[in-house]
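In what follows, chains carry the letters A, B, and so on, assigned in the order in which the sequence lines appear, proteins first and then strands, with residues in each chain numbered from 1.
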There are 2 protein chains.
Amino acid sequence: MSTRTPLTLEVAQPVCCAPVTQETLSAEQAVVLAARLKALADPARLRLVSLLANAADGEACVCDLTAPLGLSQPTVSHHLKVLHQAGLLTREKRATWAYYAVVPEALTELAGLLAPAGGPDA
Amino acid sequence: MSTRTPLTLEVAQPVCCAPVTQETLSAEQAVVLAARLKALADPARLRLVSLLANAADGEACVCDLTAPLGLSQPTVSHHLKVLHQAGLLTREKRATWAYYAVVPEALTELAGLLAPAGGPDA
DNA sequence: CATAAGTATTGACGAATGTCGATGGATAGT
DNA sequence: ACTATCCATCGACATTCGTCAATACTTATG
């Protein structure tokens with residue numbers, strides 16, 4: 001078994017591959033990376049991530065997110081689920097509320113796959 | 001015609017906004033950013049970017065890209081158009097060939113919007 | 001136990017997307 | 001001129017996606 005990284009995060013391990021600019025992606029790698037990016041490539045979901053990242057305690061419940069987005073509760077729940085399944089958000093249920101928070105490392109890793117840390121020509 | 005930079009780059013200016021984690025996105029900003037990400041959030045297009053970034057002279061023509069992708073020529077042309085319109089690729093027509101190349105700064109900027117340069121907690 | 005509130009799921013619908021074959025336009029070579 | 005090659009566009013199709021209203025589930029409160 002694993003000797004470390006007991007995290008039960010949906011997807012805590014590296015996405016798949018080297019930065020897009022450094023190695024040619026295989027078909028499978030491309031599918032995995034595209035799935036991650038697709039989770040972010042939506043206006044409502046981008047705003048959710050942004051709202052959560054800038055929230056008071058770094059978290060918020062669904063009921064606090066519907067108003068700012070101007071979307072119905074089922075729709076917001078749907079988007080949060082997509083982001084959570086992509087490993088971009090954590091979910092914690094306290095009482096009747098479901099609190100979501102961003103996983104900073106997930107965003108960082110994604111960014112690193114688009115462009116190597118020090119810029120493309122560093 | 002032009003004395004320099006004959007490039008007809010669709011979008012060379014900054015996307016729109018501050019990093020997602022630093023400021024809450026407005027509805028309009030989210031739409032713009034999502035459009036950019038959506039251009040990348042496809043397996044075929046990710047592979048195209050990857051192939052171009054790792055190509056011999058940093059560029060390739062359509063005819064060289066259909067085989068590696070296993071897609072028809074119209075489909076590849078379509079994807080290249082999407083990437084070009086998103087400002088992620090340049091396009092130069094020489095003779096009968098159309099040469100595409102990645103715009104590294106576009107990828108870098110996109111990465112910077114997902115996660116600030118030095119990591120989320122730097 | 002009954003009620004209220006927060007959330008997730010289901011079903012439905014229109015819109016957008018990825019793919020291809022067919023077609024048309026432009027350029028080089030014979 | 002004629003042909004061959006490369007590329008973009010068009011039309012069509014199946015699939016996916018974003019959204020909502022309605023419903024069911026869970027937990028706290030009266």
Side-chain angles (χ1 to χ4, degrees), chain A residues 10 25 27-28 30-49 51-52 55 57 59-86 88-101, chain B residues 8 10 25 27-28 30-49 51-52 55 59-86 88-101:
Chain A
E10 221 88 354
L25 268 60
E28 296 76 14
V31 169
V32 174
L33 219 192
R36 276 270 183 119
L37 285 173
K38 209 174 292 187
L40 266 183
D42 177 85
R45 291 196 284 269
L46 278 176
R47 293 191 77 195
L48 282 174
V49 169
L51 282 169
L52 290 172
D57 298 316
E59 63 177 17
C61 61
V62 182
C63 59
D64 289 334
L65 296 169
T66 56
L69 283 196
L71 294 174
S72 70
Q73 176 266 317
T75 300
V76 173
S77 264
H78 164 67
H79 286 309
L80 290 170
K81 182 181 182 181
V82 171
L83 289 168
H84 178 233
Q85 288 184 335
L88 295 169
L89 298 185
T90 60
R91 190 188 104 108
E92 187 186 356
K93 186 129 188 181
R94 293 202 298 270
T96 56
W97 294 275
Y99 290 92
Y100 288 87
Chain B
T8 46
E10 226 89 352
L25 268 59
E28 295 78 13
V31 169
V32 175
L33 219 191
R36 277 271 182 118
L37 285 174
K38 211 173 289 189
L40 266 184
D42 176 88
R45 291 196 284 270
L46 278 175
R47 294 192 77 193
L48 282 174
V49 169
L51 282 168
L52 289 173
E59 65 178 14
C61 60
V62 182
C63 59
D64 289 334
L65 297 169
T66 56
L69 284 196
L71 294 174
S72 71
Q73 176 266 319
T75 300
V76 173
S77 265
H78 165 66
H79 286 309
L80 289 170
K81 181 182 182 181
V82 171
L83 289 168
H84 178 233
Q85 287 185 334
L88 295 169
L89 298 186
T90 60
R91 190 188 106 108
E92 189 186 355
K93 185 127 188 182
R94 294 202 298 271
T96 55
W97 294 274
Y99 290 90
Y100 288 87

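- We find that CG of Leu37(B) is positioned 14 Å from P of dT17(C), with the value rounded to whole Å.
- Note: CG (Asp42(A)) to P (dA15(C)) measures 17 Å, nearest angstrom.
- Residue Lys93(B) places none of its side-chain N or O atoms closer than 4.0 Å to OP1 or OP2 of dA8(D).
- A straight line from CG of Leu83(A) to P of dC17(D) spans 14 Å, rounded to a whole angstrom.
- At a threshold of 4.0 angstrom between heavy atoms, the contacts of Arg45(A) are confined to the sugar-phosphate backbone, with no base atom among them.
- Atoms OG and NE2, from Ser72(B) and His78(B) in turn, are 10.5 Å apart once rounded to the nearest 0.5 Å.
- Note that CG of Leu48(B) is 7.5 Å distant from CG of Leu89(B), once rounded to the nearest 0.5 Å.
- Out of dT7(C), dA21(D), dT27(C), the shortest distance to the side chain of Arg91(A) is found at dT7(C).
- Checked by atom type and distance alone, the side chain of Arg47(A) pairs as donor or acceptor with a backbone atom of Leu25(B) at under 3.5 Å.
- Nucleic acid contact class of His78(A) (heavy atoms, under 4.0 Å, all strands): base.
- In terms of position on DNA chain C, the residue among Lys38(A) and Gln73(B) whose nearest nucleotide sits closer to the 5' end is Lys38(A).
- For the OP1/OP2 pair of dT19(C) and a distance below 4.0 Å, the side-chain nitrogens and oxygens of Thr75(B) include no atom meeting the criterion.
- Nearest to the side-chain atoms of Trp97(A) among the listed nucleotides dT9(D), dT9(C), dT7(C) stands dT7(C).
- With dA22(C), dC7(D), dA8(C) as the candidates, the nucleotide lying closest to the side chain of Pro74(B) is dA22(C).
- Regarding Arg94(B), its CZ atom lies at a distance of 13 Å from the P atom of dA28(C), rounded to whole Å.
- The nearest whole Å value for the distance from the CG atom in Leu40(B) to the P atom in dT17(C) is 15 Å.
- Among dC7(D), dC20(C), dG18(D), the nucleotide with an atom closest to any side-chain atom of Ser72(B) is dC20(C).
- One can place CG of Leu71(B) at 15 Å from P of dA8(D), the figure rounded to the nearest angstrom.
- Asp42(A) places a side-chain N or O within donor-acceptor distance of the main-chain N or O of Ala44(A), the cut-off being under 3.5 Å.
- For His79(B), whose side chain is taken as the heavy atoms from C-beta onward, the closest listed nucleotide among dA8(C), dG18(C), dA22(C) is dG18(C).
- Ranking dC7(D), dC6(D), dA22(D) by closeness to the Thr96(B) side chain, first place goes to dC6(D).
- In this structure, Tyr100(B) reaches the sugar-phosphate backbone alone: every heavy-atom distance under 4.0 Å involves primed, P, OP1 or OP2 atoms, never a base.
- Judged by distance alone, the side chain of Arg36(B) and the main-chain N or O of Leu88(B) form no donor-acceptor pair under 3.5 Å.
- Rounded to a whole Å, the CG atom of Leu69(A) is 13 Å from the P atom of dT7(C).
- Here dT26(D) presents its C1' atom at 15 Å from OH of Tyr99(A), a figure rounded to the nearest Å.
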